[in-house]
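First up is the structure itself, then whatever we jot down about it.
Values below: all heavy atoms of this structure, side chains included; hydrogens, waters and symmetry mates excluded. Each chain gets a letter, A, B and so on, in the order the sequences are listed, and its residues count up from 1. Every value quoted in this text rests on a predicted model; they were computed, and no experiment measured them.
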2 protein chains.
Amino acid sequence: MDHPDIEQKLGGRGEEEQETRERILSAARQLMAQKGYKGATTRKISELAGVNEVTVFRHFKNKVGILTELLKEIMDVREQLEQGLQGEFSDLKQMLVSYARTYYGLLVERKEIFMICMIEADNHPEVVQMFSSLPMTAVEVLSNKLLAFQEQGHLPKVDPFTAALMFVSTFFYAFMAKYRVNLDLEMVEEELFENASEILLQGIKGL
Amino acid sequence: MDHPDIEQKLGGRGEEEQETRERILSAARQLMAQKGYKGATTRKISELAGVNEVTVFRHFKNKVGILTELLKEIMDVREQLEQGLQGEFSDLKQMLVSYARTYYGLLVERKEIFMICMIEADNHPEVVQMFSSLPMTAVEVLSNKLLAFQEQGHLPKVDPFTAALMFVSTFFYAFMAKYRVNLDLEMVEEELFENASEILLQGIKGL
DNA sequence: TGAAAATGCAAGTAATTGCTTGCTTGGCAC
DNA sequence: GTGCCAAGCAAGCAATTACTTGCATTTTCA
């Protein structure tokens, strides 16, 4: 038995095993995002996963073990963001729209984990470290790109950091409103990407 | 004894009493913001407040009683935001800077309560209602103001909602970064207000 | 089929948590 | 003084929580 964290699927079987483990993780992910770490009791997790509570402890050393496992899911954020900026774009606006899509998509895709991070920031130091990576990474990556544009003479002298911050914040806010506060923004996401990109480029005073 | 929520300071004394009550509230505010509602145990609250645990229950019916009391502190947000837009401004930029100051100041002033709301959104329905007021109210208020400007012909046809969302998000993000994730933005707030207002108006492509 | 591995079930444990009760103490007003 | 009221103190209580142990049962694969 021990802790099968190491063995992946060595023997013939391992599918069922991963299935159970995955169900536990999924239940924990959902509950912790909703109720917080403390609110997600091991009993509730096991019930939602449809397994006995003991099984949870057979798969994970303890409750924090589950959390740390979940946290691994946001490790590769920076890479993904940078990758989203690799391609060639017809113009600056297309790049911004694309970046918005990537970032917002990333948030939605892992909404539970991000919620957990938001909620548990102060309680688990590991979380802070992991979490701080995302919001500022997103700003940094875009900021650097804008700076590059600027140095090529394609942009006048505005503060690229502030610009990046404004842009990224917008989608974070929209994300939070929709998935945390359950507010309807009354706006299609794609439309928001377009509008925000336009405004960031031209300003509201227009040309 | 009962619950002195009603009696304010009728008799001669009542100062000491309010003092204790205030210390309890303050401790709870701090702890709940840090550790969440569950993490802020009544024992920890009493310790931080420097009173006996029983005293807590002499002042509040139960633990939720403390929370609901704290939540009252964000009821008047809309008014304050609208008030901040009442005065006369020399130009649009000054108005934006002023609005940014008001909004950000509001967040900082009541950071603990807002943190509690963020954390506890799903667990306490009353919280959701209270909380949803702020973020979208801030957007709405500004959005309406921009719309008015637009109707007066002072602004071209951009989506005022998106513009307001971008603007408000920026300071919310900055606030979260500083007070939740403890990230240093390496930027003076006042400078951020200026830069963001400039960008919102002119865009990064400049005139 | 048969051994091994994974899961279920029953029960329990020590710690924590929200909250109560009964009693004492100390300060203020009359 | 005397009576009142807030607060402290000691103790406890019932529920919950993370986690364990021992054993029976099922599933899987060779």
Side-chain angles (χ1 to χ4, degrees), chain A residues 1-28 31-32 34-70 120 123-124, chain B residues 1-28 31-32 34-70 120 123-124:
Chain A
M1 209 158 310
D2 287 320
H3 307 112
D5 292 32
I6 301 111
E7 44 172 291
Q8 277 289 42
K9 40 157 67 188
L10 57 170
R13 67 186 311 286
E15 199 150 299
E16 277 288 303
E17 174 191 320
Q18 263 218 348
E19 212 169 84
T20 321
R21 184 187 165 87
E22 208 44 58
R23 277 217 312 279
I24 295 171
L25 281 175
S26 164
L31 284 174
M32 288 185 185
Q34 258 182 34
K35 316 270 183 185
Y37 178 80
K38 288 209 155 199
T41 70
T42 54
R43 266 201 258 284
K44 280 185 199 158
I45 293 175
S46 70
E47 281 170 19
L48 186 61
V51 300
N52 196 284
E53 197 184 353
V54 217
T55 308
V56 172
F57 291 101
R58 288 213 184 92
H59 279 271
F60 301 93
K61 190 178 153 216
N62 48 27
K63 201 180 162 187
V64 265
I66 309 181
L67 178 64
T68 50
E69 189 65 29
L70 287 177
E120 235 52 53
N123 304 335
H124 297 268
Chain B
M1 208 158 311
D2 287 320
H3 308 111
D5 292 31
I6 300 110
E7 45 173 290
Q8 277 288 42
K9 40 158 66 189
L10 57 169
R13 68 188 309 286
E15 202 151 298
E16 280 285 305
E17 175 191 320
Q18 263 218 348
E19 213 168 84
T20 321
R21 184 186 165 86
E22 209 43 59
R23 278 218 312 279
I24 294 171
L25 280 175
S26 163
L31 284 174
M32 288 185 185
Q34 259 182 34
K35 315 272 181 183
Y37 177 78
K38 288 209 156 199
T41 70
T42 54
R43 272 204 249 284
K44 279 184 199 158
I45 292 174
S46 69
E47 280 170 20
L48 186 61
V51 301
N52 195 285
E53 196 185 355
V54 218
T55 307
V56 172
F57 290 100
R58 287 211 185 92
H59 280 270
F60 302 92
K61 191 179 153 215
N62 49 28
K63 200 181 165 187
V64 265
I66 309 181
L67 178 64
T68 50
E69 189 65 30
L70 287 177
E120 235 53 52
N123 304 334
H124 297 268

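Less than 4.0 Å separates DNA chain D from at least one heavy atom of each of the following residues of residues 35-53 of chain B: B:Gly50, B:Val51, B:Asn52.
Side-chain atoms of A:Arg21 and A:Glu69, non-hydrogen and from C-beta on, do get closer than 4.5 Å to each other. Inter-residue side-chain proximity for B:Phe60 and B:Ile24 is flagged as met; some heavy-atom pair is nearer than 4.5 Å. Between A:Val56 and A:Ile66 the shortest side-chain heavy-atom distance falls below 4.5 Å. A:His124 is listed as a side-chain neighbour of A:Val64, based on a closest heavy-atom distance under 4.5 Å.
Between B:His59 atom NE2 and C:dG18 atom P there is a gap of 18 Å when expressed in whole angstrom units. Distance, B:Arg23 CZ to D:dA7 P: 9 Å, rounded to whole Å. Atom CZ of B:Phe57 is separated from atom P of C:dT20 by 7 Å (rounded to the nearest Å). Taking atom NZ on A:Lys63 and atom P on C:dT16, their separation rounds to 15 Å, with Å as the unit. Distance A:Ile66 CD1 to D:dC19 C1': 12 Å, rounded to the nearest Å. Spacing between atom CG of B:Leu31 and atom P of C:dT17 amounts to 12 Å, rounded to whole angstrom units. If you measure from atom CZ of A:Arg58 to atom P of C:dA4, you get 18 Å, rounded to the nearest angstrom. Summarising the geometry, the separation between CD on A:Glu19 and P on D:dT27 is reported as 13 Å, rounded to the nearest angstrom.
Note on residues 34-49 of chain B: pairs passing salt bridge (Lys or Arg N to Asp or Glu O under 4.0 Å), not counting sequence neighbours, are B:Arg43-B:Glu53.
Across the helix from C:dT1-D:dA30 to C:dC30-D:dG1, the helix axis at one end is tilted relative to the axis at the other end by 20° (nearest 10 degrees, each axis from five pairs).
Among residues two or more places apart in sequence or in another chain, the side chain to side chain contact (heavy atoms under 4.5 Å, CB included) test is passed with B:Asn52 by B:Val54, B:Thr55. Listed by chain and number, the residues in a side chain to side chain contact (heavy atoms under 4.5 Å, CB included) with A:Ala40 are A:Leu31, A:Met32, A:Ile45 (sequence neighbours excluded).
Proximity of a side-chain donor or acceptor of A:Tyr37 to a complementary backbone N or O of A:Asn123 within less than 3.5 Å is not detected.
Side-chain N/O atoms of A:Thr20 include none lying less than 4.0 angstrom from OP1 or OP2 on C:dA6.
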